Amino acid sequence: MGLFSTIEEKPPSKVRRYLFTALAFILIGSVALWYLLRFHTEKVTIHHFMDAVATGNMQQAHQIWKPSESYTMKDFLEDWGDNGYYGPVKSYTVERPEKVPDAPAAAITIETSPYQPYPHGDPVKESKSKKVTVWVQFKDQSISFPPY
C-alpha cells in the first residue's frame, strides 16, 4: 500500500438508511397518536354525561357522575336540571382537556347552551351559554367540580 493509494469506501447501505427513517416516523407517529388520544376515555365520559343531561335523562347523568354520599340527586338537579345553575342544557361543546397538576384527573371545560343546536357565531344566543370546568378522575371516571 502506497502513500497515495486510494481505499475505496462503500457508501452507507440504503436499507439501513430507510430502516432508520421508518423507525423515526414510527416513533414520531406513536408519540403524536399518544398525545392526541391521552384523554380520550375522559372525553367519552363527559360526552356520555352531557348527552344524558341534554336529553333530560337526569338519573343516568347522575349515575355517570358517580357522586359522593354528600352530592344528592337534589343537589345534582340544582346544578344541572332545567332550573339549575347550568340548565337548561340543550346543547354543549367540550374544550380540550388538560392534566390537573398534582392530581390524578383531567380538567375539562364544557360550554352549555339552552339552544339546540349550539349557537356558534350568534352573539345573542352565545351570551346565554355558561362555562363549567369539571374534573374526571383517571381511576374510576367519576366526575366532580374542582376544589376551588
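What you see is a predicted model; the values in this text were computed from it and never measured.
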Review point. Quick one: side-chain hydrogen bond (donor to acceptor under 3.5 Å, both in side chains) pairs with a partner in residues 101-113, sequence neighbours left out?
Key: Thr109-Thr133, Glu111-Tyr118
Exercise for review: For Gln141, enumerate each residue passing the side-chain hydrogen bond (donor to acceptor under 3.5 Å, both in side chains) test, keeping only those at least two apart in sequence or located in another chain.
Suggested key: Glu42, Thr45
Review point. Looking at OH of Tyr71 and CD of Glu78, how far apart are the two atoms once the value is rounded to the nearest 0.5 Å?
Key: 8.5 Å
Check your understanding: Of all residues at least two apart in sequence or in a different chain, which pass the side chain to side chain contact (heavy atoms under 4.5 Å, CB included) check with Tyr18?
Key -> Lys14
**Study point:** Any residue meeting side-chain hydrogen bond (donor to acceptor under 3.5 Å, both in side chains) with Ser68, in chain and number order, not counting sequence neighbours
**Key:** Ser70
Review point. Counting only heavy atoms not in His120, do more than 12 sit closer than 6.0 Å to its NE2 atom?
Key: yes
Check your understanding: Do the rings of Trp80 and Phe145 sit parallel, tilted or perpendicular, given the 30° and 60° boundaries?
Key -> parallel
**Study point:** Side chain to side chain, Glu95 and Lys131, heavy atoms closer than 4.5 Å
**Key:** yes
Point to revise | Qualifying residues under side chain to side chain contact (heavy atoms under 4.5 Å, CB included), relative to Gln116, sequence neighbours excluded | key: Lys90, Ser91
**Study point:** Val132 with Tyr85, same ILVMFWY side-chain cluster at under 4.5 Å
**Key:** yes
Check your understanding: Just wondering, are more than 12 heavy atoms of other shown residues or ligands nearer than 6.0 Å to NZ in Lys128?
Key -> no
Check your understanding: Quick one: side-chain hydrogen bond (donor to acceptor under 3.5 Å, both in side chains) pairs with a partner in residues 51-60, sequence neighbours left out?
Key -> Asp51-Tyr92, Asn57-Gln60
Practice item. Determine whether more than 12 heavy atoms belonging to other residues, nucleotides or ligands lie under 6.0 Å from atom CD of Glu98. Key: no
Review point. How far does OH of Tyr86 sit from CG of Asp79, to the nearest 0.5 angstrom?
Key: 6.5 Å
Check your understanding: Is there a donor in the side chain of Tyr115 and an acceptor in the side chain of Asp122, or the other way round, less than 3.5 Å apart?
Key -> no
Review point. Same cluster for Val44 and Ile64 if Ile/Leu/Val/Met/Phe/Trp/Tyr side chains link at under 4.5 Å?
Key: no
Review point. Looking at CE of Met50 and CD1 of Ile143, how far apart are the two atoms once the value is rounded to the nearest 0.5 Å?
Key: 9.5 Å
Exercise for review: Supply the members, apart from Leu23, of the Ile/Leu/Val/Met/Phe/Trp/Tyr cluster built from side-chain contacts under 4.5 Å; use none for a lone residue.
Suggested key: Leu19
**Study point:** For Lys139, side chain to side chain contact (heavy atoms under 4.5 Å, CB included) partners two or more places apart
**Key:** none
Point to revise | Side-chain heavy atoms of Val136 within contact of Phe39, under 4.5 Å | key: no
Study note, to complete from the structure: Trp135 and Ala103 have their tightest heavy-atom pair at CZ3-CB, 4.2 Å
Review point. Cluster partners of Leu37, using ILVMFWY side-chain heavy atoms under 4.5 angstrom, listed by chain and number?
Key: Leu33
**Study point:** Lys43: salt bridge (charged side-chain N to carboxylate O under 4.0 Å, His left out) partners, not counting sequence neighbours
**Key:** none
Review point. Any link between Val134 and Val94 through a network of hydrophobic side chains (Ile, Leu, Val, Met, Phe, Trp, Tyr) touching at under 4.5 Å?
Key: yes
**Study point:** Parallel, tilted or perpendicular: ring planes of His62 versus Phe76, cut at 30 and 60 degrees
**Key:** perpendicular
Practice item. For Asn83, check side chain to side chain contact (heavy atoms under 4.5 Å, CB included) against everything at least two apart and list the hits. Key: none
Check your understanding: Nearest heavy-atom pair of Ala106 and Val100: which atoms, and what distance?
Key -> C-CG2, 3.9 Å
Practice item. Identify, with sequence neighbours excluded, every residue that meets salt bridge (charged side-chain N to carboxylate O under 4.0 Å, His left out) alongside Glu126. Key: none
